[in-house]
Amino acid sequence: MLHLMTGRAASLVARRATVAFSTSSARMASHGHDVAGTVDMSQPMYSDRLDTPLPDKPYKDVLTAADKSLKQKETGPWGQLTGEEKLALYRLAFNQTYAEMKKPSAEWKTVFGGIFIFLGFTGLVVWWQRLYVYPHRPRSFEEEWQAKQLKRTLDMRMNPIEGFAAKWDYEKGQWK
């Protein structure tokens, strides 16, 4: 048994090694889908995150002629820049502001919608089962039957010390 397990593990490791060495291109096809290749994590990357306020590199790497002239104006006094130019400079370095990153999403609507759909479907299944799967309620659940059963229990004087008969006044015909 151990021989079979080690043989299977060795074949899996060999297959993984073959796949790892055979994928030299940046993109590869897998089951009809294009799969992105690996990313070099040693290179600086841009990311909008609340816990890291300064990313490794600016948002825009390639600058247009207008962006280059704006960067040139940035080296001068900032009092001469307009609000739009300051905003454009900010957008060169960052994709989102903190307010945009902290803006709540509408994901809760999707979650509640899924929950309500699930509960509705479950309700339909229970209703269907109650109609077509479960048998009818037994007649012993009806109030008329239970009243007759109680009268029979009292007439037989069942458990007269601690039971129903002990709490029934037979002379007056009512509960004590």
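Side chains are part of it too, since the values below use all heavy atoms of this structure and drop only hydrogens, waters and symmetry mates. Note that the structure is a prediction, hence the values are computed from the model and not measured.
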> What class does the angle between the rings of Tyr132 and Trp128 fall in, given that below 30° is parallel, 30 to 60° is tilted and above 60° is perpendicular?
Replying inline: tilted
> Looking at NZ of Lys167 and CH2 of Trp175, how far apart are the two atoms once the value is rounded to the nearest 0.5 Å?
Replying inline: 8.0 Å
> Arg49 side chain to Pro53 main-chain N or O, any donor-acceptor pair under 3.5 Å?
Replying inline: no
Show me the side-chain donor-acceptor pairs of residues 70-87 shorter than 3.5 Å, one per line, residues at least two apart or across chains.
residue : atom : partner : partner atom : Å
Lys71   : NZ   : Glu74   : OE1          : 3.3
Lys73   : NZ   : Glu85   : OE2          : 2.6
Thr75   : OG1  : Gln72   : O            : 2.6
Trp78   : NE1  : Glu74   : O            : 3.3
Thr82   : OG1  : Glu85   : N            : 3.3
Glu85   : OE1  : Thr82   : N            : 3.0

> Nearest heavy-atom pair of Ser47 and Thr52: which atoms, and what distance?
Replying inline: OG-OG1, 4.4 Å
> Quick check: are there more than 12 heavy atoms from other residues, nucleotides or ligands sitting under 6.0 Å from CH2 of Trp127?
Replying inline: no
>> Ignoring hydrogens, what is the shortest heavy-atom contact between Asp48 and Gln96? Give both atom names and the distance.
In response: OD2-N, 3.4 Å
> Which residues satisfy the ring pair (Phe, Tyr, Trp, His ring centres under 6.0 Å) test with Tyr98, sequence neighbours excluded?
Replying inline: none
> Distance from Ile117 atom CD1 to Thr122 atom OG1, nearest 0.5 Å?
Replying inline: 11.5 Å
> For Ala165 and Met158, which heavy atoms make the closest approach, and how far apart are they?
Replying inline: CB-O, 3.4 Å
> Would one find more than 12 heavy atoms of other residues, nucleotides or ligands at under 6.0 Å from atom NZ of Lys103?
Replying inline: no
> Looking only at heavy atoms, what is the nearest atom pair of Pro58 and Leu92, with distance?
Replying inline: CB-O, 3.9 Å
>> Quick test of your reading: applying ring-ring contact (aromatic ring centres under 6.0 Å, His included), list the pairs with at least one residue in residues 48-70, sequence neighbours left out, ordered by first then second residue.
In response: Tyr46-Tyr59
> Is it true that Val133 and Leu131 fall in one hydrophobic cluster, defined by side-chain heavy atoms closer than 4.5 Å?
Replying inline: yes
> Backbone N or O of Thr97 within a donor-acceptor pair of the Glu100 side chain at under 3.5 Å?
Replying inline: yes
> How many angstroms lie between atom CD of Glu142 and atom CD of Gln146, to the nearest 0.5 angstrom?
Replying inline: 9.0 Å
> What orientation do Trp108 and Phe112 show, parallel under 30°, tilted 30 to 60°, or perpendicular over 60°?
Replying inline: perpendicular
>> Atom CD of residue position Gln174 - does it have more than 12 heavy atoms of other residues, nucleotides or ligands inside 6.0 Å?
In response: yes
> Would one find more than 12 heavy atoms of other residues, nucleotides or ligands at under 6.0 Å from atom CD of Gln129?
Replying inline: yes
>> Using modelled atom types and a 3.5 Å cut-off, is there a donor and acceptor pairing between side-chain atoms of Tyr170 and backbone atoms of Leu154?
In response: yes
> So which heavy atom on Pro55 is nearest to which on Phe94, and how close?
Replying inline: CD-CE2, 3.6 Å
